[in-house]
Amino acid sequence: MAQTIIYDCDPGRDDAIALMLAVGDPRLDLAAVTTVGGNLPLAGATANALDLLAALGAGDIPVYAGAGKPLVADLVTAPAVHGCGGLDGVDHNSALAPCPGHAAAVIARRIMESDPGTITLVATGPLTNLALAVELEPAIAHRVNNVVIMGGGYHTGNCTPVAEFNIHTDPEAAAMVFRADWPVVMLGLDVTHQATVDDRTQAMLTAAGTSAAVCAGKIMSAYRTAYRGQSAMPHPPIHDLCAVAYAADPTLFDSVHAPVAVELTGSLTRAMTVVDFRPTAPVNHRHTVVTGVDNSRLFATLREALGRLP
Ligand code: BDR
Ligand code: CA
């Protein structure tokens, strides 16, 4: 049976590729998309989600807009990596609009109304909506199947030497999400930096031949150019794809159980995800830290999904 997911995101180029997998992989049942201000302001992220779903023939999947700003900090978007507006290769004239209701309230309600253990939350933006949802309805912590996030890391950051963008954008929300009494799987930069797409892989993906595959190729090309300008990486990591792929098939990944906490006060280390790998660390089976990915199986999975989409 397919795993039902609610996908919280800030599309964003890599979020867009991840959304293609969420729609195209038959092991996933995408119940709703919720959006958060992050890579783009909330309105832009929401419009991108709606337009992409329309392009994928999935305009019936409901989209709910959520938090436009982090709990405490000001929102700092990432136009250098994700552009200032529409996704490359996507028609931005869809007439779709978000459904009424705040994303956090919808997440809480959908989990409370569903059978326990049936919904997985996947989040690939700042964790503001998830933090608000569990604050609004703490009982969701014991009803959710899993919370799978792209964010953080244990050996490097990308906003600071130790802080990753999604956690850095809203560290207070991230701290709440890791403190809540629910299972959290962290796919941080340690693993997503292994999920790079080189020219050969991109050609293999676009060879799926569908409009979605062509669109994915355009998004990846723009992402590669932007990423080369921003980092020393020759090929862009498709960070967010990893989180959705984990929900579909955790066997693509290696992981360990280790407690994670978010640094909120350090003058050099604010927003760092501190992972305790010591053998003496308190046993915490709520937190799973993903350490490795089978890159070729990951992109083969994406190709299959792209081939199924229009
Ligand atoms: C994360 O930050 C965003 O720019 C990407 O969409 C991804 O979710 C990587 O640090
Ligand atoms: Ca993202």
Side-chain angles (χ1 to χ4, degrees), residues 5-22 33-42 44-49 52 63 65-67 70 73 75-85 87-88 103 121-130 147-171 173-174 177 185-197 216 219-220 222-233 235-247 262 271-273 290 293:
I5 65 168
I6 296 177
Y7 181 30
D8 189 76
C9 54
D10 59 341
R13 289 172 170 143
D14 56 334
D15 305 78
I17 306 292
L19 186 52
M20 292 180 183
L21 181 65
V33 173
T34 56
T35 55
V36 63
N39 288 326
L40 281 76
L42 179 66
T46 307
N48 280 346
L52 183 56
V63 175
L75 177 63
V76 179
T77 57
V81 178
H82 295 276
C84 294
L87 293 163
D88 322 79
L121 283 176
V122 180
T124 64
L127 294 171
T128 323
N129 288 337
L130 269 62
V147 179
V148 181
I149 68 150
M150 187 283 130
Y154 51 82
H155 85 281
T156 189
N158 55 8
C159 279
T160 76
V162 295
E164 180 278 331
F165 178 84
N166 290 335
I167 309 296
H168 189 258
T169 299
D170 196 342
V177 167
V185 180
M186 178 176 99
L187 294 107
L189 297 175
D190 322 281
V191 60
T192 66
H193 279 177
Q194 299 169 38
T196 54
V197 68
I219 291 172
M220 284 177 182
Y223 191 49
R224 173 176 291 103
T225 305
Y227 228 89
R228 281 189 181 158
Q230 282 299 297
S231 79
M233 299 180 74
H235 305 300
I238 315 295
H239 305 278
D240 296 343
L241 176 67
C242 294
V244 172
Y246 186 96
V262 178
M272 178 179 183
T273 45
V290 180
V293 60

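Numbering of ligands and ligand atoms starts at 1, following listing order.
- When OD2 of Asp240 and OD1 of Asp10 are joined through the Ca ion (ligand 2), the resulting angle is 140° to the nearest 10°.
- Formation of a donor-acceptor pair under 3.5 Å by the Arg224 side chain with backbone atoms of Val197 is found in this model.
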### Message
Could you walk me through whether His239 and Thr192 satisfy the side chain to side chain donor-acceptor pair (under 3.5 Å) test, starting with their C-alpha distance in whole Å, then the side-chain angles of each, then the deciding distance to 0.1 Å, before giving a yes or no?
### Response
CA-CA 5 Å; His239 305 278; Thr192 66; 2.7 Å; yes

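- Listed by atom number, the atoms of ligand 1 under 4.0 Å from Glu164 heavy atoms are 1 (C), 2 (O), 9 (C), 10 (O).
- If you put the vertex on the Ca ion (ligand 2), OD2 of Asp15 and O of Thr124 sit 80° apart, to the nearest 10°.
- In this structure, Asp14 contributes its side chain and Pro237 its backbone to no donor-acceptor pair below 3.5 Å.
- Listed by number with element, the atoms of ligand 1 under 4.0 angstrom from any heavy atom of Phe165 are 2 (O), 3 (C), 4 (O), 10 (O).
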### Message
Under the criterion side-chain contact (heavy atoms from CB on, under 4.5 Å), I'd like the reasoning laid out for Asp88 against Arg13: C-alpha separation, chi angles, the key distance, then a yes or no.
### Response
CA-CA 8 Å; Asp88 322 79; Arg13 289 172 170 143; 3.1 Å; yes

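- If you run side chain to side chain donor-acceptor pair (under 3.5 Å) between His82 and each of Thr77, Asn39, Asp15, only Asn39 comes through.
- Close approach to His82 involves these atoms of ligand 1, each under 4.0 Å from a residue heavy atom: 3 (C), 4 (O), 5 (C), 6 (O).
- By the criterion of a heavy-atom distance under 4.0 Å, neither the backbone nor the side chain of Val81 is placed next to ligand 1.
- Contacts between Asp15 and ligand 1, counted as non-hydrogen atom pairs separated by less than 4.0 Å, involve the side chain only.
- Atoms of ligand 1 found under 4.0 Å from any heavy atom of Asp14, numbered from 1 in the order shown, are 5 (C), 6 (O), 7 (C), 8 (O).
- With hydrogens left out, the protein atom closest to atom 3 (C) of ligand 1 is Asn39 OD1, 3.1 Å, a heavy atom.
- Using modelled atom types, one finds a donor on one side chain and an acceptor on the other under 3.5 Å when comparing Thr128 with Asp170.
- Residue contacts with ligand 1 for Asp240 involve side-chain atoms from C-beta outward but no N, CA, C or O (heavy atoms, distance under 4.0 Å).
- In this structure, a donor-acceptor pair under 3.5 Å is present between the side chains of Asp190 and His155.
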